[in-house]
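Proteins get letters first, then strands, A, B, ... in listed order; numbering begins at 1 in each.
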Amino acid sequence: MPDSYSESEEYQIRQEKLEKLEQRGIDPYPHNFNKIQTVAEAVDLFVDDPDEELGETVKVAGRIRRRRLHGKAAFADLVDHSGQIQLYLSARYLDDSEQFDLFNELLDIGDFIGVQGELFKTNEGEISVVVRNFKILSKGLRPLPEKFHGLKDTELRYRKRYLDLLDNPEVRELFLQRSQFVSGLRNWLENRNFIEVETPMMQTLAGGAEAEPFITHHNTLDLDLYLRIAPELFLKRLLVGGFEKVYEINRNFRNEGISTRHNPEFTMLELYWAYADYKEIMVLTEQLLSSVIEQFNPELITEYQENSIDWNTPWERLTIEQAIERHTGIELNSEMSVEEIRKLAETNGYQLEPADSSEAQIFELFETAVEKQLIDPTFIIDFPASLSPLAKRHRNAPERAERFELFAGGLEVGNAYSELNDPREQKENFLRQTEDSSKIDSDYIEALEYGMPPAGGLGLGIDRLVMLLTNSASIRDVILFPLLQPLSRED
RNA sequence: GAGCCGGUAGCUCAGUUGGCCAGAGCAUCGGACUUUUAAUCCGGGUGUCGUGGGUUCGAAUCCCACCCGGCUCACCA
């Protein structure tokens, strides 16, 4: 959609208003304003005293969102981050009566102003400021979206999130909640002596997950680099380095499809805890999430789409086979071949692509048939070792890994293992993934050779958890600026 | 990548058996108004109907291609 507004009459009129302000010696974009209260604080200052017409003097700043002009009087709604307050203007009260015409003729909805005046209550009972003087703080050249219906167009909401935030209070509330959720996670971890660290986003090898990386280039070094797909291998190097409890909350980048559950850049919490195993990580995960979610939902029950999610602990723990049997009725046993599993799935109504191994086939059946049905938080445990190259083998079942994934609301939201710290096995697993031994992270193997303590690790998908907490159907609704195609490649 | 749905004024939206309309509300502009609050009243219409072709006497409407978005699927453990 081309920007035709910049050629519109309205835009020209606003430009002219701007010029007129400057002709009168008024800076439409001054450097500061020393407000004394927020709008909400000003409203709170009001005291109903029948003996006094006017109350406390206040000095507030904000954006004009609505105006009601009445000839020789004017009302306006001034909005800041804390709330809204009505302004009343009349030449009778203004220190400089000429400011009245200025307000009527040269200001618009959307402009920022700072005002000073006294509190009073109108006949209609609304706490208001009778304005003694005001200062233009920023002149708007474009009209804000309509006051009543707000901004609905999905594309505009994502492209111009600032308008979405201005116009849709629930969107603003959602991102406040996201912020509080992340800070709740940090507080919980800090209280347990986890330390937050930052590891490279630009890596010479994109390890720690199976995903297509973004490639970038360092000019001076003439070096291709990958944006990280996971911080895992660096965080575990820190365990080698002697830290025992570390975490990182930051972006990962995966060069893959975009969907309601996938954004190319997304936020992960990864944590590593020396001397713990995946069972202890399970308990930690329950405690961490239930404790932070409780701050938003004391009942620990959140509504998500048609379902409600019960976050009360303990959470169910099922092996993949148990989960498949529970949710599809299909009984599997470890002897079955790829073909047998596929046939069995098909007779139960699930079409599967042939996989490389029985384990992989079972996992695929799980993904197509079971995942969406895992509404209450559920740990799916003991993944096939062949699909878990960074995890330790199960202590009682060598074909299994000590690994779980956490599902809730039908979404995969977490992944964890007892971390593999045997350098020989790690090297074998790497080599199994690629024929090209130069592509394996031999520096990581070397680090393990110095000795990494046994440890449990966890990854949580923050965006998806926020989706669940805010009942958002799309990951784009919980990311302030989701990736979209540019409108024009020429820009 | 495939399928389906959508794109009309700054915003929210009407408008297809192809032709009387290119429209409404808000915003905006002109006027009236000294306590309004979705202010009210009177008067203006601001447009590449996503883009480009085509069919037709005539296209917002039908056809083709493309762009952008949404959903579903695929991909992504």
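Between the side chain of A:Arg132 and the backbone N or O of A:Gly117 there is no donor-acceptor pair closer than 3.5 Å. Judged by distance alone, with hydrogens and angles left aside, the side-chain atoms of A:Thr378 form no donor-acceptor pair with the main-chain N or O of A:Leu374 at under 3.5 Å. Distance alone, capped at 3.5 Å, is enough to place a donor-acceptor pair between the A:Arg464 side chain and the A:Glu412 backbone. Side chain of A:Arg172 to main chain of A:His81: a donor-acceptor pair is present (N/O by atom type, distance under 3.5 Å, no hydrogens or angles). Looking only at distances, a side-chain donor or acceptor of A:Arg254 sits under 3.5 Å from a matching main-chain atom of A:Ile229. Side-chain atoms of A:Glu232 do not come within 3.5 Å of backbone N or O of A:Gly459 as any donor-acceptor pair. Without hydrogens or angle criteria, A:Lys152 side chain to A:His149 main chain gives a donor-acceptor distance under 3.5 Å. Put simply, the side chain of A:Ser259 gets close to the backbone of A:Arg261: a donor and an acceptor are under 3.5 Å apart. Between the side chain of A:Arg161 and the main chain of A:Ile479, a donor-acceptor pair closer than 3.5 Å is present.
The side chain of A:Leu151 has B:C11 as its nearest neighbour among B:C11, B:U35, B:G70. Taking only side-chain atoms of A:Lys72, from C-beta outward, the nucleotide of B:U34, B:A38, B:G70 with the closest atom is B:U34. In the set B:C13, B:U35, B:C11, the nucleotide with an atom closest to the side chain of A:Asn123 is B:U35. For A:Gln86, counting side-chain heavy atoms from C-beta on, the closest listed nucleotide (B:U12, B:U34, B:U36) is B:U36. Comparing B:U12, B:C73, B:U36 by their closest approach to the side chain of A:Lys152 singles out B:U12. Comparing atom distances between the A:Glu155 side chain and each of B:U37, B:G69, B:C11 picks out B:G69 as nearest.
OP1 or OP2 of B:C11 has not a single side-chain nitrogen or oxygen of A:Arg157 nearer than 4.0 Å. OP1 or OP2 of B:U72 has at least one side-chain nitrogen or oxygen of A:Thr260 nearer than 4.0 Å. Within the 4.0 Å cut-off from OP1 or OP2 of B:C68, at least one side-chain nitrogen or oxygen of A:Gln485 is found. Taking only side-chain nitrogens and oxygens, A:Ser474 comes nearer than 4.0 Å to OP1 or OP2 of B:C71. Distances shown here put a side-chain N or O of A:Arg68 below 4.0 Å from the OP1 or OP2 atom of B:A39.
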- Report, as a single string ordered 5' to 3', how protein heavy atoms within less than 4.0 Å touch nucleotides 27-32 of chain B: B base, S sugar-phosphate only, - not at all. SSS---
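One atom, CG of A:Asn168, and another, P of B:C11, lie 14 Å apart when rounded to the nearest Å. Atom CG of A:Leu156 is separated from atom P of B:G50 by 15 Å (rounded to the nearest Å).
At least one cation-pi condition fails for A:Arg403 and A:Tyr417: the charged atom is not both under 6.0 angstrom from the six-membered ring centre and inside a 45 degree cone around its axis.
Using Watson-Crick or G-U wobble geometry with both donor-acceptor distances under 3.5 Å, B:A24 finds its partner in B:U12. Pairing for B:U61 is absent, judged as Watson-Crick or G-U wobble with the two contacts each under 3.5 Å. For B:G1, the paired base is B:C73 (Watson-Crick or G-U wobble, both distances below 3.5 Å).
Nucleotides B:A2 and B:C57 place their P atoms 36 Å apart, quoted to the nearest Å.
Nucleic acid contact for A:Thr154: sugar-phosphate only, since backbone atoms but no base atoms lie under 4.0 Å from a heavy atom of the residue.
Under the salt bridge (charged side-chain N to carboxylate O under 4.0 Å, His left out) criterion, no residue pair touches residues 94-103 of chain A, with sequence neighbours excluded.
The stretch residues 381-406 of chain A comes close to RNA chain B through A:Leu387, A:Pro389, A:Arg403, A:Glu405, each having a heavy atom under 4.0 Å from the strand. In the region residues 350-362 of chain A, proximity to RNA chain B at under 4.0 angstrom, judged on heavy atoms, holds for none of the residues.
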Could you pull out every donor-acceptor pair under 3.5 Å between side chains of residues 124-131 of chain A and any protein atom, sequence neighbours left out?
| from | atom 1 | to | atom 2 | distance (Å) |
| --- | --- | --- | --- | --- |
| A:Ser128 | OG | A:Gln86 | NE2 | 3.0 |
| A:Ser128 | OG | A:Glu126 | O | 2.9 |

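Contact of A:Glu126 with B:U35 (side chain to base): no donor-acceptor pair of N or O atoms is detected under 3.5 Å.
A:Tyr93 pairs by the ring-ring contact (aromatic ring centres under 6.0 Å, His included) definition with nothing, not counting sequence neighbours.
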